[in-house]
Amino acid sequence: MIDALKHLPRPRAGAEQLADNFGDLAPPLTARQAAVESARCLYCFDAPCINACPSDIDIPSFIHRISDDNLQGAAEKILSANILGGSCARVCPTEILCQQACVRNSAQECAPVLIGLLQRYAVDNANFSEHPFKRSPASGKRIAVVGAGPAGLSCAHRLAMHGHDVVIYEAQEKAGGLNEYGIARYKLVDDYAQREVDFLLGIGGIEICHGQRLGANLSLTELHQQYDSVFLGVGLNAVRQLGLADEEAPGLLAATEYIRELRQADDLSQLPLAERCLVIGAGNTAIDMAVQMSRLGARDVNLVYRRGHADMGATEHEQDIAKANQVRLHTWARPDAVLLDDMGRVRGMRFIRTEMADGRLRDTGESFELAADAIFKAIGQRFDDASLSDPLAAQLARDGERIRVDQCLRTSLPGVYAGGDCTALGQDLTVEAVQHGKLAAEAIHAQLMLNVEAA
Amino acid sequence: MADLSIVFAGIKAPNPFWLASAPPTDKAYNVVRAFEAGWGGVVWKTLGEDPAAVNVSSRYSAHFGANRLVQGINNIELITDRSLEINLREITQVKKDWPDRALIVSLMVPCEEESWKFILPLVEATGADGIELNFGCPHGMPERGMGAAVGQVPEYVEMVTRWCKTYCSLPVIVKLTPNITDIRQSARAAHRGGADAVSLINTINSITSVDLDRMVAHPIVGDQSTHGGYCGSAVKPIALNMVAEIARDPQTRGLPICGIGGIGNWRDAAEFIALGSGAVQVCTAAMLHGFRIVEDMQDGLSRWMDQHGHQSLEAFRGQAVAHTTDWKYLDINYQVIAKIDQDACIGCGRCHIACEDTSHQAIDSTVKADGTHIYSVIDQECVGCNLCQITCPVENCIEMVPQDTGKPYLNWTQDPRNPYREAS
Ligand SMILES: Cc1cc2nc3c(=O)[nH]c(=O)nc-3n(C[C@H](O)[C@H](O)[C@H](O)COP(=O)(O)OP(=O)(O)OC[C@H]3O[C@@H](n4cnc5c(N)ncnc54)[C@H](O)[C@@H]3O)c2cc1C
Ligand SMILES: Cc1cc2nc3c(=O)[nH]c(=O)nc-3n(C[C@H](O)[C@H](O)[C@H](O)COP(=O)(O)O)c2cc1C
Ligand code: SF4
Ligand code: SF4
Ligand code: SF4
């Protein structure tokens with residue numbers, strides 16, 4: 001239970017109704033729908049959709065296989081490029097990735113092939129009797145992976161496939177990273193994140209040690225000594241602050257903290273409900289937070305952003321979801337002060353209106369207040385510096401606060417690689433993290449094999 | 001509105017859309033419903049000698065395209081499985097009730113003069129407008145010395161046709177089987193025998209698919225199957241060619257042709273008529289959609305005729321025949337080149353890979369900064385085969401543009417590159 005929200009009431013709806021509210025946002029395709037949809041794919045050559053998929057899935061090929069009634073072949077095609085193809089199918093913002101690029105999305109038709117849903121259909125219905133990928137003969141190499149999020153898991157799987165042994169060090173109780181603790185519940189429902197991890201581990205050769213936190217009970221110095229290579233996939237774990245007084249008051253907390261609780265809850269009717277809810281931010285996390293609170297039964301959900309609609313991090317599709325869930329979007333206003341009641345708890349927030357002048361954001365001087373039972377910060381994640389505190393880790397070159405890597409995911413330290421949100425490469429998306437992990441594994445493998453040959 | 005009425009081999013009908021001899025014309029119930037829906041005529045399901053044929057179960061299978069679109073149906077049914085007497089009685093009644101519609105009776109009896117001599121007067125007595133000789137059924141009946149077994153031997157076709165002309169005063173339409181090498185031989189034989197018209201095609205020998213679990217073809221009867229007859233949209237190209245072959249054969253010039261095979265809409269029908277057909281017959285399309293489709297066929301055809309100033313079917317019938325010739329008379333100097341409309345192009349790359357891998361490497365692919373590709377035709381390499389235009393998913397995106405070569409008409413018989421050129 002979240003301490004900062006202990007004083008709030010519980011949702012009015014029963015557990016069953018709430019579970020319903022948090023079912024699949026985009027329901028899976030039926031066999032018939034998949035047949036119709038897969039037949040729409042033109043089987044393009046040099047297909048633009050592949051180009052737009054960060055993990056390089058051969059989309060025309062897997063869709064063709066669905067159409068050919070070869071679901072295992074389709075799933076294997078997907079998973080060979082993206083071992084987390086099942087969760088990516090659910091969480092990818094396809095509207096700005098593959099489906100945006102689909103030739104059937106051209107102005108003449110505006111109806112892209114539903115690649116994400118087809119991908120989910122194939123992976124969900126493949127029914128493999130055993131893990132579809134085989135391990136190469138043991139290489140005798142051991143690699144440490146820090147973080148069991150999409151980046152770490154993807155890296156570990158590819159390394160295991162190449163015959164290496166992998167130990168994953170994970171701070172949390174469960175593997176999966178934000179798939180387990182962060183993605184909106186209606187995008188990745190039930191225990192899919194764990195089932196996918198189990199499937200991935202089915203290849204063998206991967207051990208996960210939980211409760212191991214780099215920077216606390218684990219150091220890069222040790223790992224570097226004990227293993228042939230190290231991969232860092234620690235994500236972004238710290239929350240940005242608003243920089244206002246009373247930021248620790250009851251009723252104010254990070255959206256990710258609440259979502260984490262919501263994803264783990266067995267009984268949604270026991271969660272604290274903010275009848276009047278304020279979300280600060282404009283990325284997908286902000287939208288996720290607002291929509292989930294709305295689905296829990298909040299009457300009044302407001303999302304406030306200091307710039308305009310066009311600048312929002314959330315895609316148009318995400319904004320539409322927010323609107324469909326009665327979330328009000330306020331633009332051109334920035335938080336000015338947390339308003340407290342006489343018990344010191346959040347009762348609202350004061351905002352100052354903003355505008356653009358000479359290319360810079362500035363205050364107009366006008367202000368207004370919005371009443372709220374709780375305020376959720378969703379203004380971005382920060383790198384958690386504590387994880388890189390040991391002497392070796394402290395030497396890692398950084399891009400801003402994130403770890404610097406090159407195109408092969410190599411950090412400035414030989415033998416140490418990194419990928420996913422903790423690096424500055426690409427966008428902070430699950431699919432990007434998977435791709436980083438995969439490419440890092442290939443780079444590690446190539447390097448280790450080179451060393452073997454040279455020896 | 002254009003006049004759709006016809007007189008085909010002396011038989012009058014309010015429109016050229018007839019139902020082919022098959023399940024849709026099996027009995028009075030169906031035929032009456034068909035006439036109510038607007039069909040101009042029917043060819044009654046083939047009659048034979050008693051005892052009536054016996055059918056198996058199951059009977060049909062299909063060849064599907066994407067999304068279960070039926071491209072063709074295969075059947076292993078025989079001729080009517082009802083007694084001659086019932087059929088004749090119903091035919092008499094229906095003709096009486098629907099005097100303005102064409103009612104043709106399809107017949108198949110053993111290849112013996114006595115059999116024909118017996119059945120023909122009975123049919124004539126019904127008041128029917130004509131008879132159609134079923135020499136086409138590719139399954140079941142040939143084993144009994146009928147159907148395709150007769151249709152495949154020109155001498156038999158001629159002989160039986162002659163018997164019919166001898167023992168019956170009604171117009172005789174000979175229905176041809178496509179399961180032969182040269183359709184003109186059958187048509188010429190029918191012509192020699194005195195046929196008033198030919199109709200074609202009947203179904204084509206086929207197996208549509210195999211059940212890979214049970215290792216038996218479809219349709220399955222117990223744990224066995226057999227070849228059947230193929231019809232529907234997929235056979236249209238074969239039927240059109242056979243109709244054209246007969247239409248332009250000097251030996252059968254002027255012989256009325258009733259076009260059959262894969263007709264599903266007004267445009268299909270117009271194409272058969274353009275290649276010389278005076279009437280058309282439909283089976284599969286009605287079996288898939290019901291009789292109501294005839295309304296759309298009539299509507300579409302008459303609108304198209306109005307738009308093109310054709311007041312009657314005769315106005316455009318056979319107009320494409322003169323433009324159908326032997327390969328050797330085609331103009332070797334004619335040249336078309338593919339042209340891509342870049343505004344319509346959606347960048348799927350299909351034209352490129354098709355030409356690159358299997359044609360003449362005439363479509364260039366250039367990567368743009370954003371990773372997408374631009375496709376353009378290399379004019380000098382294009383031979384004008386049409387493949388890219390065929391594989392392009394966007395209609396009218398690729399145009400095959402005729403080139404002004406400045407060269408005169410030259411056919412292969414005149415071409416100096418032809419070693420067997422006829423001396424001029
Ligand atoms: C609320 C929210 C919603 C999102 N929704 C979407 C979405 O819909 N679609 C999408 O594509 N992306 C979404 N994202 C982004 C996506 O989740 C991330 O890009 C992705 O999870 C990054 O994977 P990762 O492996 O780099 O990091 P993470 O998923 O963050 O995994 C990092 C792992 O490392 C562990 N770890 C961290 N520090 C240490 C340490 N010091 N020692 C040991 N282990 C450590 C963590 O416990 C975690 O398991 C969302 C993000 C958030 C926050
Ligand atoms: C189930 C079935 C039964 C048929 N029975 C006969 C028949 O008894 N006599 C006949 O002359 N043709 C028969 N045919 C062939 C059709 O009359 C017609 O020639 C053929 O189906 C091609 O036309 P379509 O493509 O419009 O179907 C039959 C066709 C089908 C599908
Ligand atoms: S761009 Fe669209 S149509 Fe073409 S291959 Fe990809 S999904 Fe299929
Ligand atoms: S017409 Fe044939 S040769 Fe010419 S570009 Fe198209 S496919 Fe290539
Ligand atoms: S096939 Fe048609 S749409 Fe596709 S790239 Fe070629 S011209 Fe463009």
Side-chain angles (χ1 to χ4, degrees), chain A residues 29-61 63-73 96-115 118 121 407 426-427 435, chain B residues 62-71 208-214 218 338 340-377 387-399:
Chain A
L29 297 179
T30 62
R32 173 79 189 126
Q33 287 170 323
V36 171
E37 196 57 26
S38 60
R40 291 187 61 232
C41 173
L42 296 171
Y43 197 52
C44 298
F45 182 74
D46 271 340
C49 56
I50 305 183
N51 224 5
C53 170
S55 65
D56 296 332
I57 294 175
D58 187 342
I59 295 162
S61 168
I63 296 182
H64 199 235
R65 290 178 184 197
I66 294 180
S67 188
D68 277 356
D69 216 5
N70 174 8
L71 288 187
Q72 285 195 349
I96 57 165
L97 301 173
C98 52
Q99 291 181 197
Q100 151 87 38
C102 174
V103 299
R104 301 204 74 164
N105 196 29
S106 70
Q108 297 166 55
E109 213 172 328
C110 297
V113 174
L114 301 176
I115 301 168
L118 284 170
Y121 181 78
Q407 291 299 320
Q427 309 181 62
Q435 175 75 350
Chain B
H63 175 53
F64 292 102
N67 285 329
R68 282 187 65 81
L69 182 73
V70 176
Q71 320 219 290
T208 50
S209 52
V210 175
D211 182 327
L212 289 176
D213 295 321
R214 295 169 64 182
H218 292 113
I340 297 175
D341 175 352
Q342 295 296 344
D343 292 332
C345 172
I346 56 174
C348 69
R350 291 172 62 108
C351 56
H352 165 72
I353 198 59
C355 191
E356 191 69 16
D357 281 355
T358 71
S359 197
H360 289 76
Q361 299 74 48
I363 297 188
D364 181 57
S365 160
T366 318
V367 193
K368 285 193 285 184
D370 66 359
T372 60
H373 296 243
I374 288 200
Y375 298 98
S376 48
V377 177
L387 179 63
C388 54
Q389 191 203 35
I390 291 168
T391 195
C392 177
V394 181
E395 219 171 341
N396 301 327
C397 175
I398 298 184
E399 190 192 348

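So you know, we letter chains A, B, ... as the sequences are listed, proteins then strands, and number each from 1.
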* Interchain contact, B:Ser365 with chain A, by part (heavy-atom threshold 4.5 Å) -> side chain
* Considering all heavy atoms of both residues, which atom of B:Arg350 and which atom of A:Leu42 are nearest to each other, and what is their separation? -> NH1-O, 2.5 Å
* So with a 6.0 Å cut-off around CG of A:Asp69, is the heavy-atom count from everything else above 12? -> no
* Structure fact -> Between the CZ atom in B:Arg68 and the CZ atom in A:Arg32, the distance rounded to the nearest 0.5 Å is 8.0 Å
* Measure distances from B:Asp343 to the heavy atoms of chain A and classify the residue's part below 4.5 Å as side chain, backbone, both or neither. => backbone
* Asked: Quick one: OH on A:Tyr43 to CD1 on B:Ile353, what's the gap to the nearest 0.5 Å?
  -> 10.0 Å
* To do: Sort A:Asn51 into side chain, backbone, both or neither according to what part of it lies under 4.5 angstrom from a heavy atom of chain B.
  => side chain
* Please flag which part of B:Val367 lies under 4.5 Å from any non-hydrogen atom of chain A: side chain, backbone, both or neither. => neither
* **Heavy-atom pair of closest approach, residues B:Ala66 and A:Ala39** => CB-CB, 4.0 Å
* **Minimum heavy-atom distance between A:Ala35 and B:Asn67, given as atom pair plus value** => O-OD1, 3.5 Å
* Determine, step by step, whether B:Asp357 and A:Phe45 satisfy the side-chain contact (heavy atoms from CB on, under 4.5 Å) criterion, reporting the C-alpha distance in whole Å, the side-chain angles of both residues, the deciding distance to 0.1 Å, and the verdict. => CA-CA 12 Å; B:Asp357 281 355; A:Phe45 182 74; 5.9 Å; no
* Structure fact -> Looking only at B:Asp370, B:Val394, B:Ile346, most heavy-atom pairs under 4.5 Å shared with chain A are made by B:Ile346
